Amino acid sequence: MCFFGNTVTALFLNTVGFEREEFSGRTSMVVHSFEESRRSFQPVIPKDLHDIVSCQFIEERVEKIDPEIREIFSHLESDEVRKLQEGGAITLVRKPLRVGVVLSGGPAPGGHTVIAGLFDAISEWHEESSLIGFLNGPKGLINNDYRILSKPDIDSVRNLGGFYLIGSGRTKIEQEHLASVMQTAEAHQLDGLVIIGGDDSNTDAVFLSESFRRAHKSTFVVGVPKTIDGDLQSADIPISFGFDTACKVYSQIIGNIAKDMLSNKKYYYFIRLMGRIASHITLECALQTHPNMALISEEVLAQKKTLKDLICDIADLVQERYHQHKQYGLILVPEGVIEHIVDVKLLIAELNELLSPNHPLVDSFQLYRSRSERLDFILDHISEGSHRALSLFPRHIAEQLVHDRDPHGNVQVSKIETERLFASLVEDELKRRSKEALIPISVQTAFCGYEGRSAYPSYFDCSYCYALGRLAAVLVTRKMTGYMTAIRSLHRPVSEWEAVAVPLVSLLQFERRKGADKPVIRRTLVDLEGAVFRHFVEKRASWRLDDQYRQPPPIQFWGPEEIVENSCFTISLRPT
Ligand code: FBP
């Protein structure tokens, strides 16, 4: 029976259980054998991470720490960046380890592989070591909600996407939670606690390591750089894991849309891409797909563009292309751009202050229950400039700006439909401009977000994540606390990648959060002087009117080396 015939039978004769079973059996067999091959894939291990027993750290350099930050984290003495080297005459007592692991924040492809790397390495250290997974993010740590991870558990998720093995969450570990977390660590007699997360989660990690040290507890806390946004970087951290895969997934989608657009030549596509603050994802996807325009939030900010300026820029593009008889085009919009537009940025800063717990008006604001009443209250109490900016937004978007904050106090830009906002404001602007003849525009919008976060990790992310997991285990065995795992030289073959421990305190800076200045792990924005952005600037003028769209292939895991093992432009153009 042909597969198509079977599908039709299954759809129409759905009372016939046998047909349905056969149909679903075949499809799940494909998924099963694909996943089976991925599960049995063994990533290449960088040579310095091969033998985790005899390798040793050497001091590479001492970082300069802000004295105020140093004072807050006075129990985390070491400011040294340390590089791992294979071999060494060290004699360590190898007792079984008890290590806790938490996945924190949004999923990023490769999280399961980090856990597999960690599990394998602690088992190599001592076969009776155990890995305790805290469930659904930091709240699992606070509530001691956990699961002991066995080898079959780990084997079931090797090199698969998602964070579902133990779940994730965005709970912030506040000061009042520290005692509960310490109780949890005590209850499990944890030697190590590995926090896999982005800037906010690693901020929690550094506060936790300080608290453990201050209380003379021997739980060593290690952070692992995760986020598809790619903004957790430093001189030693070229990129966070998940970025490579997410960009490849989005680029494939954008490339497909571009080919569809070119086939019909009737739509303008406004595609919003994830990236809460930084535009690394949009920049990478632009280099991969060659859109007619890609906004880069950091440039928008540097050029102090207002919302009106941006809308006029896009309308100019549409007008120019129209005169070339092109009534279609591709525009990429980073979700975070909204916070970088000069008038909207001022508005958000004012809203954040007004809604902070210590603001005198916050109690009156809380008295209003509905989103609409609360927006009216805000409109009555903000400055004239912010009032003007807020009034430019359709009401439902204005409400999102006022209300949606995550537990860390960030505006939830993934909920703001910037692509629709821009598309409709550009339509209005074109109408306004047309004195004699209307410049027609027909728009389609799309959001590339959640579908990239739990994709099957690319070959690059599998290798990278496995190495990060192994390195986290090495840090625990060396009793190093308050460090982030870093793998450098990612542009080289995997065997030559370098493993480094970076003090978390060296990544901190003061930022305004919930109405107060707080030390937080800094996000790295797109460097407008850097090689990646400069490359984009060199190319973008030719993409504007000519149609040079590129359609990147789907992620391949098996096949020719140059297709499987390639990493993104963000790595290859900027060797670290
Ligand atoms: P992390 O920084 O936690 O990795 O999350 C990044 C991100 O994917 C952003 O790009 C996006 O704005 C946000 O998560 C969406 O978060 P949520 O899952 O809470 O909707």
Side-chain angles (χ1 to χ4, degrees), residues 102-112 114 136-139 161-164 166-173 195-205 223-233 237 239-250 253 271-285 295-298 332-340 348 397 400-401 403-419 446-455 457 461 464-465 468 484 507 511 513 520-526 570:
V102 192
L103 290 165
S104 185
H112 286 151
V114 176
N136 305 318
K139 73 170 178 239
F163 275 9
Y164 55 86
I166 52 174
S168 188
R170 287 203 187 277
T171 309
K172 167 141 187 62
I173 302 180
I195 298 188
I196 303 173
D199 50 308
D200 290 327
S201 321
N202 277 289
T203 300
D204 289 349
V224 176
K226 171 238 70 166
T227 172
I228 62 157
D229 290 4
D231 55 4
L232 191 39
Q233 300 178 12
I237 305 166
I239 200 73
S240 46
F241 80 76
F243 173 82
D244 179 77
T245 309
C247 288
K248 283 175 176 156
V249 171
Y250 301 147
I253 295 171
I271 303 180
R272 173 167 53 112
L273 289 139
M274 266 194 177
R276 198 171 52 195
I277 303 286
S279 298
H280 299 290
I281 293 180
T282 301
L283 183 56
E284 175 66 30
C285 292
L295 303 179
I296 300 298
S297 308
E298 291 79 350
L332 304 187
V333 180
E335 63 175 5
V337 74
I338 199 81
E339 286 196 90
H340 292 74
I348 291 175
I397 294 189
Q400 289 167 344
L401 272 178
H403 290 278
D404 298 328
R405 297 287 183 281
D406 73 9
H408 299 265
N410 303 304
V411 176
Q412 286 184 280
V413 284
S414 61
K415 289 192 172 176
I416 301 175
E417 294 170 323
T418 325
E419 72 286 18
F447 174 39
C448 287
Y450 297 95
E451 62 273 53
R453 301 199 309 184
S454 287
D461 269 325
Y464 184 31
C465 290
L468 286 169
M484 182 172 287
L507 302 172
E511 269 180 33
R513 293 286 171 92
V520 293
I521 298 283
R522 65 173 171 270
R523 299 181 180 111
T524 302
L525 305 181
V526 168
T570 307

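The figures here come from the full heavy-atom set of this structure, side chains too, leaving out hydrogens, waters and symmetry mates. Computed from a predicted model, the values in this text were never measured in an experiment. Both counts, for ligands and for their atoms, begin at 1 and track the order of listing.
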> Would you say K226 has any N or O atom under 3.5 Å from an N or O of ligand 1, going by distance alone?
Replying inline: yes
> If hydrogens are left out, which of K415, E335, M274 has an atom nearest to atom 12 (O) of ligand 1, that is, the closest non-hydrogen atom?
Replying inline: E335
> Does T227 reach the side chain of D199, with side-chain heavy atoms less than 4.5 Å apart?
Replying inline: no
> For G105, is the nearest heavy atom under 4.0 Å from an atom of ligand 1?
Replying inline: yes
> Which residue supplies the protein heavy atom nearest to atom 14 (O) of ligand 1, what is that atom called, and how far is it?
Replying inline: R170 NH2, 2.9 Å
>> Considering both backbone and side-chain atoms of I228, is one of its nitrogen or oxygen atoms within less than 3.5 Å of a nitrogen or oxygen in ligand 1?
In response: no
> How close does the nearest protein non-hydrogen atom get to atom 18 (O) of ligand 1, and which residue and atom is it?
Replying inline: R453 NH2, 2.9 Å
>> Would G275 count as a contact residue for ligand 1, given that I'm defining contact as a non-hydrogen atom of the residue lying under 4.0 Å from a ligand atom?
In response: yes
> Using 30° and 60° as the class limits, which term best fits the ring planes of F163 and F241: parallel, tilted or perpendicular?
Replying inline: tilted
>> Need the ligand 1 atom indices (1-based, order shown) with element for anything under 4.0 Å from a heavy-atom of Y450.
In response: 15 (C), 17 (P), 18 (O), 20 (O)
> So between D229, T227, L103, whose heavy atom ends up nearest atom 4 (O) of ligand 1?
Replying inline: T227
> S104 to ligand 1: N or O pair under 3.5 Å?
Replying inline: no
